[in-house]
Amino acid sequence: MARDDVRVRFAPSPTGYLHVGGLRTALFNFLFARKTGGTFILRIEDTDQKRSVTGAVEKLMSTLRTIGIKDDEGPDVGGPCGPYIQSERKDIYRRHVDRLLDAGVAYHCFCTEERLERLREAQRRKKLPTMYDGACRDLPADEVRRRLEAGEPSVIRLRFPREGRTVFDDVVRRKVAVDNELVDDQVLIKTDGFPTYHLANVVDDHLMGVTHVIRGEEWLSSVPKHIYLYRAFGWELPVFVHLPLLLNPDRSKLSKRQGDVAVERYLERGYLPEALLNFIALLGWHPADDRELFSLEELCREFSLDRINKAGAVFDVDKLNWMNGWYIRNLDLETVADRTRPYFEAAGIDVSDRETFVKVVAVARDYVSCLEEMVDRGRMFYEDICFSDEQRELVREEVSRSIYTRWIGEMEAKPAWTREDTENFIKQSMKELGLKGKNFYFPLRLALFGNTHGPDIPSLIDILGPRETVSRFRRALEQV
RNA sequence: GUCCCCAUCGUCUAGUGGCCUAGGACACCGGCCUUUCACGCCGGUAACCGGGGUUCGACUCCCCGUGGGGACGCCA
């Protein structure tokens, strides 16, 4: 299977955002191209004018770019098979459908949408399969010509054979068979002159030299139509690879209604491209061993079509959160700081003191599963602490006040204060005040950090610096 | 309703007839580490949908059920 002329494509429709299922399809295509040394094509399927959203193509490409999936050919980088936007290829489809018309493989249909709707309704009532009844399938040629010339709205349908059986191979499901009589006369060209997915997809895949069609399982049942088109044109079939669906927690097809499906939403909240890609690669695919932390380069090396799963996969946000947290904790600290910075700035926090900010990130990253959460784990280093009633009670206790007073005295007496000084004085003051454990540490952390739980005291004082530390003790002492 | 596809812990999955007393990861529970929480480390609970075959032997192969999903649009 390892051919060096592999050509695959990701062909999204520009709906305004990138669906996580789409990202998975894009990723698998990309990985297969990289693995085989093939070409990854990006093609925009915008043949539905009603669904077209302005700016969606640019947004889609920018999302793909930030996530690290780069196309070898596409609307942005060009290539020998352009244009890569289907709305700019209208005449190509028109030319091809004429060939089908001439060969009698397609026909004009004048049925109105209302008639079709009534037809389907009647079929449903009679518990029959819902499909076109072929009313216009055998219209006399002169009648067709007359109605066309009269300007009557029409579509062009595929004249699908009514007997026989279509059997085809799929890399994931092996053999799939469908009785031809159950395959509908699919509309190829709509009233507005635009092609439907089925026509555009087959024509473009052939013209663009696509060797492997890797896409979601929702397309499996329309493969017979596509195969019939390939044969009608006299073209070689691509290899079909239908990926298992991504599912909601209730196991229905992953949809907006049950959580976030827009990749942009995850990116906004600080899910790292590394984590998103790693996580999504494991949905429907598994490496040969038990590893599950992979960089994109490693995925490119390990990926193979024969380890793709058949069953649908639930998109488990819990595991994504764990994996994203893992990346936040294990990626280079400076890199994480760079990527975290915009979140603090958006919250109006001045983090221009880089050295301090990196320290904040270093302690905060142990607590979060996405970058957005870093702000709540780090803002107390930049903002005045606000105590709850319960916390204020602890701060006001005599022991607490004695700790603060003792520390202020010690720190003000010393011109410089190091981390080592903190460590030493913790021991010393504990002994002096006769305190230990939580009785000592909770009041201390509360005054400095605003919470009894959190990073260790030396880290807190290291980040705050002696001046701010002393002033926080004073503020604690002022609590009434 | 019709057709197609699928079926191992709650979830993602390993498993291609004996290596399975069914492995890993997330989540959950417990322990350790630690001044606390978190991180980390260690351990635990937890699954082969059911019934028939085939076979010396089935999680693995076949059939039938059952369950789930997808498609059935002049959407992709």
Side-chain angles (χ1 to χ4, degrees), chain A residues 11-15 22 45-48 50-51 86 109 111-113 116-117 120 123-132 153-157 170 172-173 176-179 181-184 186-198 200-201 215-224 242 244-245 247 249-253 279 282-293 307 309-323 325-326 329 363-368 377 426 430 435-442 444-446 449 451-457:
Chain A
S13 58
T15 53
E45 310 227 329
D46 58 345
T47 55
D48 184 2
K50 293 184 284 289
R51 285 225 304 199
Q86 288 185 332
C109 170
C111 295
T112 61
E113 296 199 55
L116 263 16
E117 191 43 57
R120 276 193 287 270
Q123 288 166 332
R124 256 191 281 271
R125 226 178 310 114
K126 284 185 233 161
K127 301 188 190 307
L128 257 33
T130 52
M131 51 197 289
Y132 183 57
S154 67
V155 301
I156 296 171
R157 283 182 185 274
D170 181 275
V172 178
R173 341 238 140 216
V176 179
V178 182
D179 281 325
E181 63 170 332
L182 272 341
V183 180
D184 208 356
Q186 185 60 239
V187 170
L188 264 18
I189 298 280
K190 304 179 251 185
T191 308
D192 63 7
F194 276 90
T196 58
Y197 171 86
H198 306 279
N201 163 263
R215 80 239 290 187
E217 197 194 327
E218 67 263 35
W219 295 109
L220 193 63
S221 49
S222 42
V223 171
H242 286 90
L245 259 20
L247 274 24
D250 70 357
R251 305 203 74 85
S252 58
K253 186 171 156 184
F279 174 70
L282 263 18
L283 260 25
W285 175 83
H286 195 277
D289 57 24
D290 272 338
R291 286 184 59 204
E292 35 187 18
L293 266 356
R307 294 196 65 83
N309 244 64
K310 290 185 213 295
V314 173
F315 187 86
D316 179 11
V317 183
D318 276 345
K319 187 155 183 175
L320 204 215
N321 284 336
W322 163 76
M323 193 172 277
W326 187 91
R329 255 165 260 123
V363 300
R365 68 172 171 175
D366 271 356
Y367 295 85
V368 304
R377 289 290 169 179
I426 284 174
M430 264 166 86
L435 294 168
K436 58 179 182 176
K438 297 176 184 181
N439 298 121
F440 177 76
Y441 289 101
F442 278 14
L444 210 45
R445 189 175 291 106
L446 201 46
F449 187 66
N451 202 121
T452 52
H453 300 304
D456 60 301
I457 303 297

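Only a predicted model underlies this, so the values are computations on that prediction, with no experimental measurement involved. Throughout, protein chains are lettered first and strands after them, A, B, ... in sequence-line order, and every chain is numbered starting at 1. FYI, side chains are in, hydrogens and waters are out, and symmetry mates aren't considered; it's all heavy atoms of this structure.
Taking atom C1' in both B/U13 and B/A7, the straight-line distance is 14 Å, to the nearest Å. Here the separation of B/G65 from B/C28, taken at their P atoms, is 42 Å to the nearest Å. Rounded to whole Å, the separation between the P atoms of B/C62 and B/C26 comes to 34 Å. If you take atom P in B/A22 and the same atom in B/U16, they sit 15 Å apart, rounded to whole Å. Across B/U8 and B/G50, the matching C1' atoms stand 15 Å from one another, rounded to whole Å. Comparing the P positions of B/C59 and B/G52 gives a spacing of 14 Å, expressed to the nearest Å.
Contact annotation for A/P455: base contact, defined as any heavy-atom pair under 4.0 Å involving a base atom. Using a 4.0 Å heavy-atom distance criterion, A/T452 is classed as a base contact. Among the heavy atoms of the strands lying under 4.0 Å from A/V314 are primed sugar atoms or P, OP1, OP2 only; no base atom is included. Within 4.0 Å (heavy atoms only), A/K436 reaches no atom of the nucleic acid at all. Within the nucleic acid shown, A/R445 comes within 4.0 Å of at least one base atom, counting heavy atoms only. As judged by a 4.0 angstrom heavy-atom cut-off over every strand, A/D46 is placed among residues making no nucleic acid contact. Residue contacts for A/T196: at a heavy-atom cut-off of 4.0 Å it reaches the sugar-phosphate backbone alone, with no base atom in range. Within 4.0 Å (heavy atoms only), A/R215 reaches no atom of the nucleic acid at all. A/L247 comes within contact range of no nucleotide atom at all, as no heavy-atom separation falls under 4.0 Å. At the heavy-atom level, A/K319 lies under 4.0 Å from base atoms of the strands shown. Among the protein residues, A/A177 comes within range of the sugar-phosphate backbone only, with heavy atoms under 4.0 Å from sugar or phosphate atoms but none that close to a base. Looking at heavy-atom distances under 4.0 Å, A/G284 makes contact with sugar-phosphate atoms alone, never a base. Base contact: A/R51 has a heavy atom under 4.0 Å from a base atom. Nucleic acid contact class of A/F442 (heavy atoms, under 4.0 Å, all strands): sugar-phosphate only.
B/A7: Watson-Crick or G-U partner is B/U66, with both key distances under 3.5 Å. With a 3.5 Å ceiling on both atom-pair distances, B/A47 lacks any Watson-Crick or G-U wobble partner. Pair check for B/C19 finds none; no Watson-Crick or G-U wobble contact set falls under 3.5 Å. In this entry B/A71 has B/U2 as its Watson-Crick or G-U wobble partner, both defining distances falling under 3.5 Å. Under the Watson-Crick and G-U wobble criteria, each requiring two contacts below 3.5 Å, nucleotide B/C37 is left unpaired.
Taking the side chain of A/E217 as heavy atoms from C-beta on, and the options B/C5, B/A14, B/C37, the nearest nucleotide is B/C5. Comparing B/C74, B/C5, B/C12 against the side chain of A/L282 picks out B/C12 as the nearest. Closest to the A/K310 side chain, of the nucleotides B/C5, B/C39, B/C6, is B/C6.
Residue side chain A/W322 fails the stacking definition with respect to B/C26, as its ring centre and the base's six-membered ring centre are not both under 5.5 angstrom apart and under 30 degrees in plane angle.
The backbone N or O of A/V187 sits less than 3.5 Å from a side-chain atom of A/T196, completing a donor-acceptor pair. Judged by distance alone, with hydrogens and angles left aside, the side-chain atoms of A/K310 form a donor-acceptor pair with the main-chain N or O of A/V172 at under 3.5 Å. At least one donor-acceptor pair closer than 3.5 Å links the side chain of A/D289 to the backbone N or O of A/R291. The backbone N or O of A/N451 lies less than 3.5 Å from no partner atom in the side chain of A/R445, so there is not a single donor-acceptor pair. When atom types are taken as modelled, the side chain of A/R307 and the backbone of A/H286 share a donor-acceptor pair closer than 3.5 angstrom. A donor-acceptor contact shorter than 3.5 Å links the side chain of A/D48 to the backbone of A/K50.
Applying the 4.0 Å criterion to OP1 and OP2 of B/A71, one finds that A/K253 has a side-chain N or O inside that range. Look at A/N309 and you won't find any side-chain N or O under 4.0 angstrom from OP1 or OP2 of B/A7. At B/G1, none of the side-chain N or O atoms of A/T130 fall inside 4.0 Å of OP1 or OP2 (strictly under the cut-off). Note on A/R173: every side-chain N or O is 4.0 Å or more away from OP1 and OP2 of B/C4. Within the 4.0 Å cut-off from OP1 or OP2 of B/G15, at least one side-chain nitrogen or oxygen of A/R307 is found. Phosphate contact (OP1/OP2 of B/C12, side-chain N/O of A/R251, threshold under 4.0 Å): present.
Per the geometry, CE belonging to A/M323 stands 16 Å off P belonging to B/C39, to the nearest Å. Atom P of nucleotide B/G23 and atom CG of A/D289 are separated by 18 Å, given to the nearest angstrom. One interatomic measurement links the two molecules: CG of A/L116 to P of B/C74, which rounds to 6 Å at whole-angstrom precision. For the pair A/D170 CG and B/C5 P, the interatomic distance rounds to 10 Å; values are reported in whole Å. One atom, NE2 of A/H453, and another, P of B/C39, lie 13 Å apart when rounded to the nearest Å. Atom NE2 of A/H242 and atom P of B/A71 are 12 Å apart (whole Å). Taking atom CG on A/D184 and atom C1' on B/U2, their separation rounds to 12 Å, with Å as the unit. In this structure, the CG atom of A/D366 is 14 Å from the C1' atom of B/C33, given to the nearest Å.
For A/S221 against B/C4, a side-chain-to-base donor-acceptor contact under 3.5 Å is absent. Looking at A/Y367, its side chain has no donor and acceptor atom pair within 3.5 Å of the base of B/C39.
Remark: of the listed residues A/E217, A/R215, A/E218, A/R215 is the sole one forming a side chain to side chain donor-acceptor pair (under 3.5 Å) with A/H242.
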